[in-house]
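Note sheet for the following structure.
Since we're looking at a predicted model, the values are computed, not measured. Sequential numbering from 1 along the given sequence is applied to the chain's residues. Both counts, for ligands and for their atoms, begin at 1 and track the order of listing.
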Amino acid sequence: MSKKWDNERKHDEYHKKAKKENYYSRASYKLLQLNKKFRIIKKGDYVVDLGAAPGGWSQVALEKVGEYGLVVGVDLQRIKPIENEGTFVGIRGDFTDEETLKRIKQVSNKKADVVLSDASPKLSGVKDIDQIRSLELAENVLKISQSLLKPHGILVIKAFQGEEFENLLKKIKMGFKTVKTTKPPSSKKKSVEMYFLARDLLEIKKKV
Ligand SMILES: C[S@@+](CC[C@H](N)C(=O)[O-])C[C@H]1O[C@@H](n2cnc3c(N)ncnc32)[C@H](O)[C@@H]1O
């Protein structure tokens, strides 16, 4: 049994598991594993899920927030209908647009407890281009999260590893008190994706 075959089989298992457990995407297990390890989402939380389609992370977030929680999912693509205890609001749009950001803010007058982003750019197949696009997207998420999150909020961002990855890490560290990089077991080993987990906003010091 080759290692490659073994790996593929293992990851297919997440795909099969998702079908069996009614999750829209095998990606759900990444959030389940991140949440188990880092206790990200709590009952009653308000969660914003950027790049949410087809809806696997939003399904998990809804389970975790429970009946008094709120999940806002945003994507360019259609998010599948989600039924759960908590309240779900889907927004179709580009989260890097001001207009979409306004729509997110209109959903609740509260700041979010958690901002999630599993967003990926449309893949070109050219490794360097895809990495740059992923990092640009992640920088956008970082910027947006500063205006959406509570002071003690949590941010989870996906980014592809590449040349500018360390720079992105530095930028996240400038905005948050604690920052970790992590790769959940269900993230394919051959995938260059990594997740940043950042907690507690640092006050942005105004330039004098
Ligand atoms: C890997 S999928 C997310 C899977 C999702 N976490 C799940 O569990 O179902 C990445 C998503 O990011 C979305 N995306 C990428 N850039 C975006 C943008 N600027 N605005 C909104 N959505 C975006 C894509 O449309 C795609 O649906």
Identify all N/O pairs between ligand 1 and the protein with a separation under 3.5 Å and present them as a table of atom names and distances.
from     : atom 1 : to   : atom 2 : distance (Å)
ligand 1 : 6 (N)  : D118 : OD2    : 2.8
ligand 1 : 8 (O)  : S25  : OG     : 3.4
ligand 1 : 8 (O)  : G56  : N      : 3.3
ligand 1 : 8 (O)  : W57  : N      : 3.0
ligand 1 : 9 (O)  : P54  : N      : 3.3
ligand 1 : 9 (O)  : G55  : N      : 3.1
ligand 1 : 9 (O)  : G56  : N      : 2.8
ligand 1 : 12 (O) : S120 : N      : 3.4
ligand 1 : 19 (N) : D94  : OD1    : 2.8
ligand 1 : 20 (N) : F95  : N      : 3.1
ligand 1 : 22 (N) : L76  : N      : 3.3
ligand 1 : 25 (O) : D75  : OD1    : 2.6
ligand 1 : 27 (O) : A53  : O      : 3.4
ligand 1 : 27 (O) : D75  : OD1    : 3.2
ligand 1 : 27 (O) : D75  : OD2    : 2.9

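Between the side chain of S117 and the backbone N or O of I157, no donor-acceptor pair lies under 3.5 Å.
Across T182, D118, T181, a single residue satisfies side chain to side chain donor-acceptor pair (under 3.5 Å) together with Y195, and that is D118. Put simply, the residue from K30, K183, Q161, K188 that forms a side chain to side chain donor-acceptor pair (under 3.5 Å) with E193 is K30. If you run side-chain contact (heavy atoms from CB on, under 4.5 Å) between L168 and each of E139, M194, E136, only E139 comes through.
Looking at residues two or more places apart in sequence or on another chain, you find a ring-ring contact (aromatic ring centres under 6.0 Å, His included) between Y23 and Y29.
Side-chain contact annotation: S147 with K105, donor-acceptor N/O pair under 3.5 Å present.
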